[in-house]
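Residue numbering restarts at 1 for every chain, and letters A, B, ... go by the order of the sequence lines.
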2 protein chains.
Amino acid sequence: MKFDVALGTSVVVMAFDGERLVALIGEKSQEPYKGAPMLPSNWVSAGVSVEEVAKRMMNRILGVEKIYLEQLNAFAKVYRNPMGRVVNIAYFALLNWDVVKEVKTPGYKWVSLETSPEMIFDHNEILEMAYERLKRRVKRRPIGFVMLPKQFTFNMIHSLYEQCLRKDLDKRNFRKKFMRSELLIDTEETIFEAPGNKKPSRLYEFNQQKYDKLTLKGYDFKF
Amino acid sequence: MKFDVALGTSVVVMAFDGERLVALIGEKSQEPYKGAPMLPSNWVSAGVSVEEVAKRMMNRILGVEKIYLEQLNAFAKVYRNPMGRVVNIAYFALLNWDVVKEVKTPGYKWVSLETSPEMIFDHNEILEMAYERLKRRVKRRPIGFVMLPKQFTFNMIHSLYEQCLRKDLDKRNFRKKFMRSELLIDTEETIFEAPGNKKPSRLYEFNQQKYDKLTLKGYDFKF
DNA sequence: TCAAAAGTGTTATCGCTACACCCATGG
DNA sequence: CCATGGGTGTAGCGATAACACTTTTGA
C-alpha cells in the first residue's frame, strides 16, 4: 500500500440572485496559471474529512455555517493536473443568495452560470456536472427552497425553476402543481417584490416538517 | 502539495440470474481480516486510471472485456480503513449473467443481493448505494437490457424489473408500456423458457439504434 | 382433452397541458 | 381611471392502474 496520491476538493457553489443562477469562481493563487479562473478548491490532508474541508472553505469565503452540500463525483484522471496525481472529490453546494452575496475573501466572485469563464484543469467539466445534477435534483426533491429566503413569493420560485430547468413554465400550471403538493405554507403576508409594483405578492414558506413526514410514508416529490 | 493518500477502487458488479439480482463478493487475501467478505477491490497506483483498474479487475475475475461501468461515489472518510487514509472510488457495473456466471478467479462468488454478507469497512454501504443507483437508473434509462441476453422474453425483462424495483408490476400494463416505447424488436422467434413449458415465449431484442436516435431528439425513457 | 404458461382489452381515474381574463393596487 | 403585475379556472387528452379471460401447445 503506497500513499502516493494527493487529495483535493472543489466545490461548485450555486445560488439564485433573483434573475439568474450564479456560481462562485475563484482564481489560482500560485504558479502555474496564477490568476487563472478556477472553482473554489483546497487540498485535503490525510487526517481530515473532505466534507469538513469543503465546509471550512465555504465558511472562509462566504461566512456561512450551514450549507446544503452533496458529493458530486470524484475526478481522478491521471493527467487532469500536471503537478501529479491529484484526486479531486468535488461537491456541489446550494446557498441562499441573501446570505452569501457578499464575498468575504478577495479573489472570489459570483458569475452567471451562462457566462462562466474557461477554468483550469477539468473545472468546467465539474461545473457542468453540477448544473446537470441541480437540474435533476430540482425535479425530484424540493431543494430549490434552500436557494430562496425563508419567505418567498410564487414568482421567485417560479423563475428559479425556469432558470434551473432552462425552459418556460406555465404560471398557472406551476402554481397548481406546487399547491397540490401542499408543501407550501401561506404566511398571509405580502410584499412588493420590486419597488413601484402595483400589487403586492403573497409570501410562502416551505413546510419542511410536512415534507419529512410525507417522505417517510413513501411520498416522492416530482416536478 | 503532499502525496499522502492511498487510492483504491471497489466495484459493485450486479447481474440477474433469471430469478434474482446477484452481486459479486470476494474475500480479503491478507491480514487484517483475512478471509473476510469484501467487494472486489484493487489499489490504484499513481500512474493508472481508476476506470482502467476496475476494468482489468473485472477481466481477471470474470473474463469480460466489455462492461457497463459507471462511477458510484468516492468513499473517503478519514477512519474508513484502519490502515491509513484510503480514498475508495467505487464503481457500479452491470453484466449479462450468461457471460459472467462462471467466476474465473477463486475466492469470488455470486450472492443474492438480498442475502449479501456483512463486509469489511464501508463495503455494505457501497453495495447499498449501488442498489439504489440501479433502482433509479432502471426507471430512467433502458439499462436492464445489459443484464439480459441479446434476445430475451417478455417474462425475463418483466421479472428483472420486478426485482430491480422490488415490487410487483402488472403483466399487461408492463407490456403495454414497453411496447408503446417501440424500443423492442419482435424477432418472430420463440423459445421454451423453462424445459417442460407448454407454450413457447416470443423473443425480443432491444433496439439500441432507435433509442440513440430518439434520445438525440430529446426523448426520455421513463419507467 | 387437459394442464400450464403465454398473451391480450377495457374502463375509470388522474395528472398534464394549453390557454385568457379578472383583480387589486399605486400613481 | 388606468397601467401594471398578481392571481385564477376549465376542458381535452393521454397515461396510469385495476382487473380476468382466451390462446397455444405438449403431454
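Comparing C:dT10, C:dA18, C:dA4 by their nearest atom to the side chain of B:Lys176 picks out C:dT10. Of all nucleotides listed (C:dT25, D:dT10, C:dG7), C:dG7 comes nearest to the side chain of B:Ser201. For A:Arg175, the side-chain atoms get nearest to D:dT8 when compared with the rest of D:dT23, D:dT8, D:dT10.
Distance NZ (A:Lys222) to P (C:dG15): 11 Å, rounded to an integer number of Å. If you take NZ of A:Lys171 and P of C:dA18, they are 16 Å apart, rounded to a whole angstrom. Rounded to an integer number of Å, the gap from B:Glu193 CD to C:dG7 C1' is 13 Å. Taking atom NZ of B:Lys198 as the reference point, atom P of D:dG26 lies 10 Å away to the nearest angstrom. Between the NE2 atom of A:His158 and the P atom of D:dT8 there is a distance of 14 Å, rounded to whole Å. What separates CG of A:Asp170 from P of C:dC19 is a distance of 9 Å, to the nearest Å. The distance from atom CZ of B:Phe174 to atom C1' of C:dG7 is 14 Å, rounded to the nearest whole Å. Taking atom CZ of residue A:Arg202 and atom P of nucleotide C:dT25, one finds them 11 Å apart after rounding to whole Å.
Nucleic acid contact class of A:Lys177 (heavy atoms, under 4.0 Å, all strands): sugar-phosphate only. Using a 4.0 Å heavy-atom distance criterion, A:Asn155 is classed as a sugar-phosphate-only contact. When heavy atoms are screened at a 4.0 angstrom cut-off, B:Asn197 is found touching the sugar-phosphate backbone but no base atom.
Closest approach of A:Tyr108 and A:Leu24 over heavy atoms only: CB-CD1, 4.2 Å. Here the closest heavy-atom approach between residue B:Leu21 and residue B:Tyr131 is recorded as CD1-CE1, 4.4 Å.
Both the sub-6.0 Å distance and the 45° axial angle are not jointly satisfied by A:Arg80 relative to the ring of A:Phe75.
Between B:Gly196 and B:Arg172, the residue anchored closer to the 5' end of DNA chain C is B:Gly196, taking for each the nucleotide with the nearest heavy atom.
Applying ring pair (Phe, Tyr, Trp, His ring centres under 6.0 Å) to B:Phe152 and the options B:Phe178, B:Phe145, B:Phe206, B:Tyr161 leaves one that passes, B:Phe145.
A donor atom on one side chain and an acceptor atom on the other are found under 3.5 Å apart for B:Asp212 and B:Gln208.
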